[in-house]
Chemist: 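For reference, the structure I am asking about is given below.
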Protein chains: 2
Amino acid sequence: MDNTNDIDAALLADISTLEGSLAQRVYQAMKEAILALDFPPGANVRKAPICEKLGVSRAPVTEAIARLANDGLVDVVPQSGTHVSYFSMDEIREGVFLREALEVATVAKVARDITDDQLKKLSRNMRLQELLVDDDDTAGFYQADEEFHHLLMEFTGFQRLPDVAQTVSLQVTRARLLLLPTPGRVAETLEEHRALFNAIRNRDELAAQREMHRHIGQLLPRIAALQAEKPELFEKQ
Amino acid sequence: MDNTNDIDAALLADISTLEGSLAQRVYQAMKEAILALDFPPGANVRKAPICEKLGVSRAPVTEAIARLANDGLVDVVPQSGTHVSYFSMDEIREGVFLREALEVATVAKVARDITDDQLKKLSRNMRLQELLVDDDDTAGFYQADEEFHHLLMEFTGFQRLPDVAQTVSLQVTRARLLLLPTPGRVAETLEEHRALFNAIRNRDELAAQREMHRHIGQLLPRIAALQAEKPELFEKQ
DNA sequence: ACTTGTCAACTAACATGTTAGAATGATAGA
DNA sequence: TCTATCATTCTAACATGTTAGTTGACAAGT
C-alpha cells in the first residue's frame, strides 16, 4: 500500500484552462489544492510527480513553490525537501490580527466615502445573503459572505487591498474550511453583516469599525477549538 | 556617451557578505538599489550585467526579479523586458492606507498589552530620539524613528508583522527618501512620537490609535508635493 | 508625412543538465 | 541492543541551453 507521506499530484486541477504563464497556473493549481486540504499539512511536495501530472518542466513548478513559500503555505528545507506547512495557532492569530486591521480600516473608509451606487450593490448582496439563509444554502452563503467582504475592499478603490488581505490571512482561510457550519452560526453571521451594513448606510464610521471588530472576533475562538479536534493538522511543539 | 536607460549594475552592493541563498542575496542587493533610487524609476533591468557584476547565473537573478515584481518594485513585461516601476500616487496612497491600518492596530494592541520591560525599551528609544534631535542628527533620527515603529510591531509578538508592514508600503519607503528633512519637521515628529508614547504608557488605547492616525496622516501631503517637484519619477498618465 | 510590413535583435519563459548538501538506512563496532 | 559511521539516494539550488514572443528600426508602398 501507499503509506508514503507524499502529496497526491493527481488532485491538481488541469492547468490548461487557466491563463497566464505556466508558473502562474501551477501556482494557482497548487494553492487551490493546499487551501482545499487536498494537500494535507505535513505532506511532502515533490516536483517530479507535479511536473508529470501537469506536463511542464521543473522551472515553473520551482517558481510556483517559491511563491507558495512566500505565502507561508509550504516550508522549503534547503537542499532537502519541501512540505505543506502545518497549521500554527500563532500564525493564525497573526493572520486574524492582520485581517482585522485591514478590514476595520476598510470599513471605516467605506463608511465615510460610500456612493449611492456602491450602497445599492452592497444592499443587493445583503438581500442575497438573506435569501440564502432562508433557503438553508450554507455553501451559497459562504460565497456571498466572501463577496460581501470583497465588495467592501473594492469600494475603497485600492487595487491591491483585496489581494493583500487574502495573502496575509491565507492560513485563516485554510483553517476556516474545517469549520463545519455550526447550527445557528450562519444566522448569526447574517446579523453581524446586517449591523455592519446599517452602520455603513448611516455613514457611522465608529459603529462600522466596532461591528467589524465584533464580527471578526467570532473567528478565533472557533478556530482555536479546532486544535483540540484535529491536532494532527497543527505543528508539533 | 551612455544615453541608454539601463540600470547601472555597478551600483549593486557586493553580495558575498550577505547570507542566505544566492537568490535571496541578489534580491536584497537589488531591492536596496531600487529603494535607494540608485536604480531610477523607468530604467531597464537587464539580467546580463547583473549576472556579470554579481558573478552568478541567470537563475537566482530571475528569482530575485520575480520577487521584486511581487513587491511591485519592478514591472515585468512578458517576453520583452523588465523596468523599475515608476512612482504612482495611487499606489502610494494605498501604501499609506495599508501601513496606517497595520500601525493603528499595532499600537492599540501594544497599548493594551505592553509589559514594563517593553515600556523601558521604548522609553530608551524615546530618549535616544530626543538626544538626536538636540544634536541635529537628522540621519540618526531617521534610524531611531524606524526603530521606534519597529519596536512597536515587535511588541505585538507577531513574527510576520514587521515584514508585512514593510512590504505593503515599499513604495512609500522609496518615496520617503526623497523627502528632504523640512526644517522643524524632525521636532514635530518627535512630538508626535512623544504623544504616542504617553498614550501607550497610560495604556490609553483610543488615544494611541488617534495619535498614530495623526502621525501617519502627516506623510501623504508631503509625498504628494513631490509629484510636482519630480514628475519624471512618477508614472505617465 | 504616414502608414504598413518585414526583419533582426533582444528578452522572458521554459527545459534540462549539474552540483552539493541533507536525510536515510545499512552495517560495523561496542 | 544501542550507537556511530558511511555510502546511497534523495532534493533544492544553481548553471546553461532553447523557444517563442516583443520591440524597434528601416524599407516600401500610399
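Note that the coordinates shown come from a computational prediction; the quantities given were computed from them, not determined experimentally. Each chain gets a letter, A, B and so on, in the order the sequences are listed, and its residues count up from 1.
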Chemist: Of all the choices, C:dG21, C:dC14, C:dA12, which nucleotide is nearest to the side chain of A:Q79 once you look at every atom?
Modeler: C:dG21
Chemist: Grab the OH-C1' distance between A:Y27 and C:dA13 for me, whole Å please.
Modeler: 19 Å
Chemist: Categorize B:R58 for me: base, sugar-phosphate, or nothing, with a 4.0 angstrom heavy-atom threshold over every strand shown.
Modeler: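 Since a base atom lies under 4.0 Å of B:R58, the category is base.
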Chemist: C:dA12, OP1 or OP2 - any side-chain N/O from B:T62 closer than 4.0 Å?
Modeler: no
Chemist: Could you check A:L73, A:L68, A:N44, A:L12 and say which one makes a side-chain contact (heavy atoms from CB on, under 4.5 Å) with A:F39?
Modeler: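 Per the side-chain contact (heavy atoms from CB on, under 4.5 Å) rule, the option paired with A:F39 is A:L12, out of A:L73, A:L68, A:N44, A:L12.
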Chemist: Heavy atoms only, 4.0 Å cut-off, all strands: where does B:S57 land among base, sugar-phosphate and nothing?
Modeler: base
Chemist: Between C:dC14, D:dC14, D:dA15, which nucleotide gets closest to the side-chain atoms of B:V56?
Modeler: D:dA15
Chemist: Check whether any side-chain heavy atom of B:F155 lies under 4.5 Å from a side-chain heavy atom of B:T106, and answer yes or no.
Modeler: no
Chemist: Rounded to the Å, how far apart are B:K47 NZ and C:dT11 C1'?
Modeler: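 Checked: the NZ to C1' distance equals 8 Å.
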Chemist: Mind calculating the distance between CD1 (B:I65) and P (C:dA13) to the nearest angstrom?
Modeler: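 Rounding to the nearest Å, CD1 of B:I65 and P of C:dA13 are 9 Å apart.
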Chemist: How about B:M89 and B:L220: do any of their side-chain heavy atoms sit closer than 4.5 Å?
Modeler: yes
Chemist: B:R46 has an atom CZ; how far is it from atom C1' of C:dA9, in whole Å?
Modeler: 11 Å
Chemist: Atom CG of B:L22 and atom P of D:dT16: how far apart are they, to the nearest Å?
Modeler: 12 Å
Chemist: Does the gap between the ring centers of A:F87 and A:F234 come in under 6.0 Å?
Modeler: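 Between A:F87 and A:F234, the centre distance is under 6.0 Å.
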Chemist: What integer distance in Å separates B:E52:CD from D:dA15:C1'?
Modeler: 16 Å
Chemist: Among D:dC14, C:dC14, C:dT11, which nucleotide sits nearest the side chain of A:A59?
Modeler: C:dC14
Chemist: Does B:D14 form a side-chain hydrogen bond (donor to acceptor under 3.5 Å, both in side chains) with B:S16? I'd like the steps, not just the answer.
Modeler: CA-CA 6 Å; B:D14 182 14; B:S16 62; 2.8 Å; yes
Chemist: Could you give the CG-to-P distance, from B:D75 to C:dT11, as a whole number of Å?
Modeler: 17 Å
Chemist: Rounded to the nearest angstrom, tell me the gap between atom CZ in B:R67 and atom P in C:dA12.
Modeler: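 Distance, rounded to whole Å: 18 Å.
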Chemist: Go nucleotide by nucleotide along DNA chain C from the 5' end; which of B:V77 and A:S80 gets its closest nucleotide reached first?
Modeler: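 Nearest-nucleotide comparison on DNA chain C picks B:V77.
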